[in-house]
Amino acid sequence: MFRRSGICISRRYLNIQTRPILSIPYGTGQPTHETRSHYLPTSGNITPGISAIEYYQRRLEFSTKMPLNSIAILVGNDIKYSSGSVFYDFQQNNDLYYLTGWLEPNSMAIIEKGANEDDISLHMIVPPKTPHSELWEGPKSGLEGAYDYFNADYVESIDNCIKYLVQLTSRSKYIFWDSPNKSDSKKSFFSSLLSSTGSTNVNGTIGDIIAKSGKFIQPLSAKLAEQRAIKSDSEIQVMHAAAQISSRAINKAIAKVGSEFPFSTEKTLAKYLEYQFVKGGCDKQAYIPVVASGPNALTIHYTRNDDILYRDEMVFVDAGGKLGGYCADISRTWPNSPKGFSEPQRDIYEIVLNTNKKCIDMCDESKYNSLHDIHEFSVKYLTQELKNLPGFSAVTTNEVARTLYPHYVGHHLGLDLHDIPSVSRYAKLVEGNVITIEPGLYIPINSKWPKHFQGIGVRVEDDIVVGKTNDEIFNLSSGCVKEIVDIESLISSGKVTTPGVGEELVILDI
Ligand code: GLY
Ligand code: MN
Ligand code: MN
């Protein structure tokens, strides 16, 4: 089964005093083993933990679903600007990234299947190296890098993409492609209203070529989703590292409650977590976290994180780091008092924790459960447990599902936080799926509910690898404390004792 190794903290390859002389003739637009060996210590890996061979195998596997004489066109993302020339952090199109590992904007990858099954080529159409762009933005991989490092069979400059695409489409019968307008499910009504038909931008022009080609067009992303939903051993190893690093960061945050310098604000705690994710070895935080004191947790997407952390309330955190593109997604809730949980906090917490554990136990292939089956179970179990609490005896599953627990039990996790939405919630889970299990309870401030439970919001979220059998269910975030006794002992001791927990992780041995 999966290699469940931990992370190994190491400085052994590193001369931190003197910059080594580059052993290759040119720089690249993203880290490589040659240019950033501390980040990619394993020769042959294109991104952390993922080898060039694995990227090649992913393309081969995808090509088995393509008919003869077909092309799959993956259009990368461009840089988005917040204001003027101030840009946001670049986010690559994850389908393109999954199949190539390429991280530069304004690029395309095309997988071509020719007239027989093993006639598979990778075309990469990328920005060329230019003195001007390299002066302003630093080294680019260029056509040379696409060929040398990313194993493209054919490379072309993005400046010639139209001519190149016309050639490729004219010799193919089938085209796999997602129209950017259709695939951008989060495009707001407002921005759709303002956008033109798109025929003047690159994507629109590509759309025109494809539309005018008269070939059979099929969606690409949904086809690739089946493959992305089952993680390889290497992907699980990277996700395990991301989840372990994130777990340690959250443990350290919990321990601060009983320390000499507890956090006073949601904002400082949020930024502490982000720093600890990176210090522990992640690239960045995977998403804007929820850091909520007390009733702020009743807002499911509370991301303002701008309040005081009150001592008599619980701290609610939903946060995770990202490594090599793979996300961790962990929620924990803990008392912000050195005395530990109050009685009502403990009552609600125990119900959510027990539900989390029962749901995790359902994550094996042999039980034929879908995410939806687990969700339905979570609603019923939360209801049944709540009924034992004073003031909740009449609570119904409907009230739980609509009011007290208004979100879903989980989602697939991977390169995207809510990975591959086209995989149905009703599909049976299979070995190698990675999903979150995240039941919660959020008691509104409303006289309908018992007074001393009002304003308590709790979620316990773990990242789970679906096993073939029950024994093979693997909790990637098991290092993040969640038992009441462990949380209280962490709070009262005021420190995390895991060896190496305070070190800056310079080399991640994956
Ligand atoms: N962090 C968002 C989620 O749990 O789905
Ligand atoms: Mn989450
Ligand atoms: Mn989640």
Side-chain angles (χ1 to χ4, degrees), residues 47-48 77 79-80 82 87-95 97-98 103 184-188 228-229 231 235 238-253 266-293 296-307 315-333 371 406-421 423 434-440 442 457-464 476-477 479-480:
T47 58
N77 286 343
I79 290 175
K80 303 275 187 292
S82 62
F87 45 82
Y88 288 111
D89 200 14
F90 175 65
Q91 170 61 54
Q92 185 56 284
N93 166 355
N94 274 332
D95 285 338
Y97 181 71
Y98 175 80
L103 271 175
D184 189 356
S185 61
K186 286 282 181 247
K187 200 163 185 175
S188 71
R228 279 182 56 184
K231 271 63 181 178
E235 287 182 288
V238 180
M239 293 185 74
H240 190 197
Q244 279 184 305
I245 294 163
S246 307
S247 297
R248 285 182 179 196
I250 294 172
N251 290 347
K252 285 166 85 167
E266 296 171 347
K267 197 180 292 183
T268 47
L269 174 52
K271 293 303 167 191
Y272 173 84
L273 286 168
E274 184 177 4
Y275 171 63
Q276 291 299 335
F277 296 153
V278 175
K279 187 180 176 199
C282 283
D283 301 323
K284 54 174 106 168
Q285 62 183 7
Y287 52 95
I288 298 175
V290 176
V291 178
S293 185
N296 293 338
L298 307 190
T299 303
I300 304 297
H301 286 164
Y302 179 82
T303 49
R304 289 174 53 169
N305 305 340
D306 61 356
D307 207 349
V315 182
F316 176 110
V317 159
D318 181 345
K322 190 171 201 169
L323 173 63
Y326 289 90
C327 302
D329 183 8
I330 302 174
S331 300
R332 289 293 185 266
T333 317
L371 255 182
H407 60 77
Y408 212 66
V409 75
H411 50 86
H412 285 257
L413 183 71
L415 291 173
D416 288 302
L417 182 70
H418 288 193
D419 216 38
I420 34 183
V423 174
V434 178
I435 58 169
T436 64
I437 291 293
E438 49 180 304
Y442 314 85
V458 172
R459 178 154 73 241
V460 182
E461 175 175 24
D462 284 302
D463 302 344
I464 307 297
L476 299 171
S477 50
C480 195

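- When all heavy atoms are compared, the tightest approach of I330 to C480 is CG2-SG, 4.0 Å.
- Applying the 6.0 Å contact sphere to NZ of K279 captures more than 12 heavy atoms from other residues, nucleotides or ligands.
- Residues R228 and L415 meet the side-chain proximity criterion, which asks for heavy atoms closer than 4.5 Å.
- Nearest heavy-atom pair across V278 and K284 is CG2-CA, 4.0 Å.
- Y302 places no side-chain N or O within donor-acceptor distance of the main-chain N or O of V291, the cut-off being under 3.5 Å.
- In the displayed structure, F90 atom CZ is contacted under 6.0 Å by more than 12 heavy atoms of other residues, nucleotides or ligands.
- In this structure, Q244 CD and L476 CG are separated by 8.5 Å, a value rounded to the nearest 0.5 Å.
- Taking every heavy atom of both residues into account, A249 and Y272 meet most closely at O-CE2, 4.2 Å.
- Applying the side-chain contact (heavy atoms from CB on, under 4.5 Å) test to H418 and every residue at least two apart in sequence or in another chain returns H411.
- In this structure, the side chain of T333 does not engage the main chain of F316 through any donor-acceptor pair within 3.5 Å.
- Atom CD1 of I250 sits about 9.5 Å away from atom CG of L269, to the nearest 0.5 Å.
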For side chain to side chain contact (heavy atoms under 4.5 Å, CB included), just list the numbers for D329 and Y287, CA-CA rounded to whole Å, side-chain angles, deciding distance to a tenth of an Å, and then say yes or no. CA-CA 9 Å; D329 183 8; Y287 52 95; 2.8 Å; yes
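- With rounding to the nearest 0.5 Å, the separation of CG in L298 from OH in Y442 is 9.5 Å.
- The 12-atom threshold is exceeded at CD1 of I300, counting heavy atoms of other residues, nucleotides or ligands nearer than 6.0 Å.
- Nearest approach of N77 to Q91, heavy atoms of both residues: ND2-O, 2.7 Å.
- A donor-acceptor pair is defined here as one N or O able to donate and one able to accept, closer than 3.5 Å; such a pair exists between the side chain of S246 and the backbone of G321.
- In terms of heavy atoms, L323 sits closest to A241 at CD2-CB, 3.8 Å.
- Between the side chain of K231 and the backbone N or O of L413 there is at least one donor-acceptor pair closer than 3.5 Å.
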Intermediate values then yes/no, salt bridge (charged side-chain N to carboxylate O under 4.0 Å, His left out), R332 and D462: CA-CA 9 Å; R332 289 293 185 266; D462 284 302; 2.8 Å; yes
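- For the pairing with P289, the side-chain contact (heavy atoms from CB on, under 4.5 Å) check across D318, V317, N305 returns one residue only, N305.
- Of the inter-residue distances, the one linking Y408 atom OH with L371 atom CG reads 6.0 Å to the nearest 0.5 angstrom.
- Shown here for G325 and D283, the closest heavy-atom pair between the two residues is N-OD2, 4.2 Å.
- Side-chain N or O atoms of S477 include none that pairs as donor or acceptor with a backbone N or O of A243 at under 3.5 Å.
- K271 contributes atom NZ, which lies 10.5 Å from atom CG of L273 (distance to the nearest 0.5 angstrom).
- Between C282 and K322, the closest side-chain pair of non-hydrogen atoms is not below 4.5 Å.
- With values rounded to the nearest 0.5 angstrom, D307 atom CG is found 4.5 Å from E266 atom CD.
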